[in-house]
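One structure is given below, encoded as structure tokens.
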Amino acid sequence: MNYLVLLDYGHLDNGVFLTSFARALSQQQNAISQKKNGRAIILHADSEYTERLIQTGMMREEARVRAVRDLNHRLIALLADQGVSAIGLNGFQKSMVRTDGAETHVNRKEIERLPHQPYLLLSNLAADKDGKPVFIPLADYAEAIRKELNIQDIILFSTLEKDELLTRNESDEKKTRSATEPEISERLPDQFNPPPFPVLMSTTEMLTHYPSKTGMISINPA
């Protein structure tokens with residue numbers, strides 16, 4: 001079974017979090033490798049790196065594309081440092097993800113044709129009508145992939161750093177919360193507040209034990 005992990009703008013510029021995330025995948029990958037019928041698909045967008053590129057004189061859209069492509073390479077290197085086997089690609093490659101400006105189309109066959117690895121790291125750069133890379137908001141991108149691949153579990157991480165200190169709690173397994181609750185709303189990344197689809201809020205430590213959802217909070221759209 002495939003599942004999605006979303007790395008949002010804020011977390012992508014947090015070196016401590018990313019290292020913890022890579023270590024979590026390193027501990028998890030053996031269990032994932034044994035399940036040949038699915039993989040983890042990690043989706044990422046850009047980060048504060050975009051703003052730093054803009055300060056060098058780049059136009060915003062050009063900077064976004066450059067930032068996302070560079071991040072894909074950096075994340076693959078970070079995962080490799082922790083012994084994590086992953087494929088890193090941008091959505092526009094092989095026309096896996098295309099957009100006509102109004103709708104986003106996912107080529108399921110191209111994704112399923114990829115060599116089987118526990119993790120697929122996929123950026124939110126899709127191909128436009130001319131085949132050129134174009135930035136798509138992460139929430140819209142995740143929605144398109146979720147629907148095409150019929151994915152049930154979408155995992156994201158709290159914006160509050162203190163939540164990373166939380167540990168698994170058996171009583172919290174599959175707890176359902178609403179995105180309208182203030183204590184939940186303040187922990188959701190801006191573009192997923194409220195989420196357009198049900199999500200699981202996790203910590204990197206909890207992710208280590210997936211497919212167990214112990215400690216994760218199930219959040220429904222408003």
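- The hydrophobic cluster containing Leu125 does not contain Leu75, counting ILVMFWY residues as joined when their side-chain heavy atoms lie under 4.5 angstrom apart, directly or transitively.
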task: Start with the C-alpha gap between His11 and Asn14, add the side-chain angles, then the distance that decides, and say whether side-chain hydrogen bond (donor to acceptor under 3.5 Å, both in side chains) holds.
output: CA-CA 5 Å; His11 285 105; Asn14 185 332; 5.9 Å; no
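- A salt bridge links Arg146 and Glu143; the closest N-O separation between the charged side-chain nitrogens and carboxylate oxygens is under 4.0 Å.
- When the side-chain contact (heavy atoms from CB on, under 4.5 Å) test is applied to Ser185, the partners found at least two apart in sequence or on another chain are Asn193.
- In this structure, the separation between CD1 on Ile87 and CD1 on Ile41 is 10.5 Å, given to the nearest 0.5 Å.
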query: Given Leu121 and His44, is the side chain to side chain contact (heavy atoms under 4.5 Å, CB included) satisfied, shown in steps?
result: CA-CA 8 Å; Leu121 179 70; His44 74 90; 3.9 Å; yes
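- In this structure, Thr56 contributes its side chain and Leu53 its backbone to a donor-acceptor pair below 3.5 Å.
- The closest side-chain heavy-atom distance from Ile111 to Asn107 is not below 4.5 Å.
- In this structure, Ile219 and Leu188 approach most closely via the heavy-atom pair CD1-CD2, 3.9 Å.
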- request: Evaluate the side chain to side chain contact (heavy atoms under 4.5 Å, CB included) criterion for residues Leu7 and Phe157: first the C-alpha distance (whole Å), next the side-chain angles of each, then the deciding distance (0.1 Å), finally the verdict.
  value: CA-CA 8 Å; Leu7 296 179; Phe157 302 93; 4.2 Å; yes
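- No continuous path of ILVMFWY side-chain contacts below 4.5 Å connects Val65 to Met96, so the two sit in separate hydrophobic clusters.
- Distance alone, capped at 3.5 Å, places no donor-acceptor pair between the Thr99 side chain and the Ala126 backbone.
- Of all heavy-atom pairs between Thr204 and Ser20, the closest is OG1-OG, 2.7 Å.
- Using the six-membered ring where Trp is involved, Tyr3 and Tyr210 have ring planes that are tilted, between 30° and 60° apart.
- Of the charged side-chain nitrogens involved, at least one lies within less than 4.0 Å of a carboxylate oxygen, so that Arg108 and Glu112 count as a salt-bridged pair.
- Smallest separation of non-hydrogen atoms from Leu4 and Ala142: CD1-O, 3.9 Å.
- A continuous path of Ile, Leu, Val, Met, Phe, Trp and Tyr side chains, each step under 4.5 Å between heavy atoms, connects Ile42 with Met206, placing both in one hydrophobic cluster.
- Separation of atoms CG (Asn72) and CG (Asn90) is listed at 5.0 Å; rounding is to 0.5 Å.
- A donor-acceptor contact shorter than 3.5 Å is absent between the side chain of Gln29 and the backbone of Ala86.
- Applying the 6.0 Å contact sphere to CG of Asp100 captures more than 12 heavy atoms from other residues, nucleotides or ligands.
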- prompt: Can you list the steps and then say if Glu51 with Arg60 is a salt bridge (Lys or Arg N to Asp or Glu O under 4.0 Å)?
  reply: CA-CA 8 Å; Glu51 302 303 319; Arg60 178 166 293 276; 2.9 Å; yes
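- Considering every non-hydrogen atom in both Pro198 and Asn220, the closest pair reads CB-OD1, 4.2 Å.
- The distance from the NE2 atom of His209 to the CD atom of Gln27 is 7.5 Å, given to the nearest 0.5 Å.
- Under the side-chain contact (heavy atoms from CB on, under 4.5 Å) criterion, Arg52 pairs with Asp13, Glu48, Tyr49, not counting sequence neighbours.
- In this structure, Met58 is not a member of the same hydrophobic cluster as Tyr9, with clusters built from ILVMFWY side-chain heavy atoms closer than 4.5 Å.
- Without hydrogens or angle criteria, Asn2 side chain to Ile151 main chain gives no donor-acceptor distance under 3.5 Å.
- Here the closest heavy-atom approach between residue Thr104 and residue Ala144 is recorded as CG2-CB, 3.8 Å.
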field: Stepwise side chain to side chain contact (heavy atoms under 4.5 Å, CB included) check, Val134 with Phe92
entry: CA-CA 8 Å; Val134 60; Phe92 64 84; over 6 Å; no
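- Remark: the backbone N or O of Tyr119 is not paired with any side-chain donor or acceptor of Ser85 at under 3.5 angstrom.
- Contact annotation: the side chain of Glu62 never approaches that of Arg66 to less than 4.5 Å [non-hydrogen atoms, C-beta and beyond].
- One distance of note links CG of Leu122 with CD of Gln93; it measures 9.0 Å at 0.5 Å rounding.
- Between atom CD of residue Gln191 and atom CG of residue Asp8 there is a gap of 6.5 Å, rounded to the nearest 0.5 Å.
- With rounding to the nearest 0.5 Å, the separation of CG in Leu89 from NZ in Lys94 is 7.5 Å.
- Residues Val68 and Val5 do not share a hydrophobic cluster, clusters being chains of Ile/Leu/Val/Met/Phe/Trp/Tyr side chains in contact below 4.5 Å.
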message: Show, in sequence, the C-alpha distance, side-chain angles and deciding distance for Phe21 and Leu207, and conclude whether the side chain to side chain contact (heavy atoms under 4.5 Å, CB included) test is met.
response: CA-CA 8 Å; Phe21 175 72; Leu207 181 65; 3.6 Å; yes
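- Leu114 approaches Arg39 most closely through the heavy-atom pair O-NH2, 3.5 Å.
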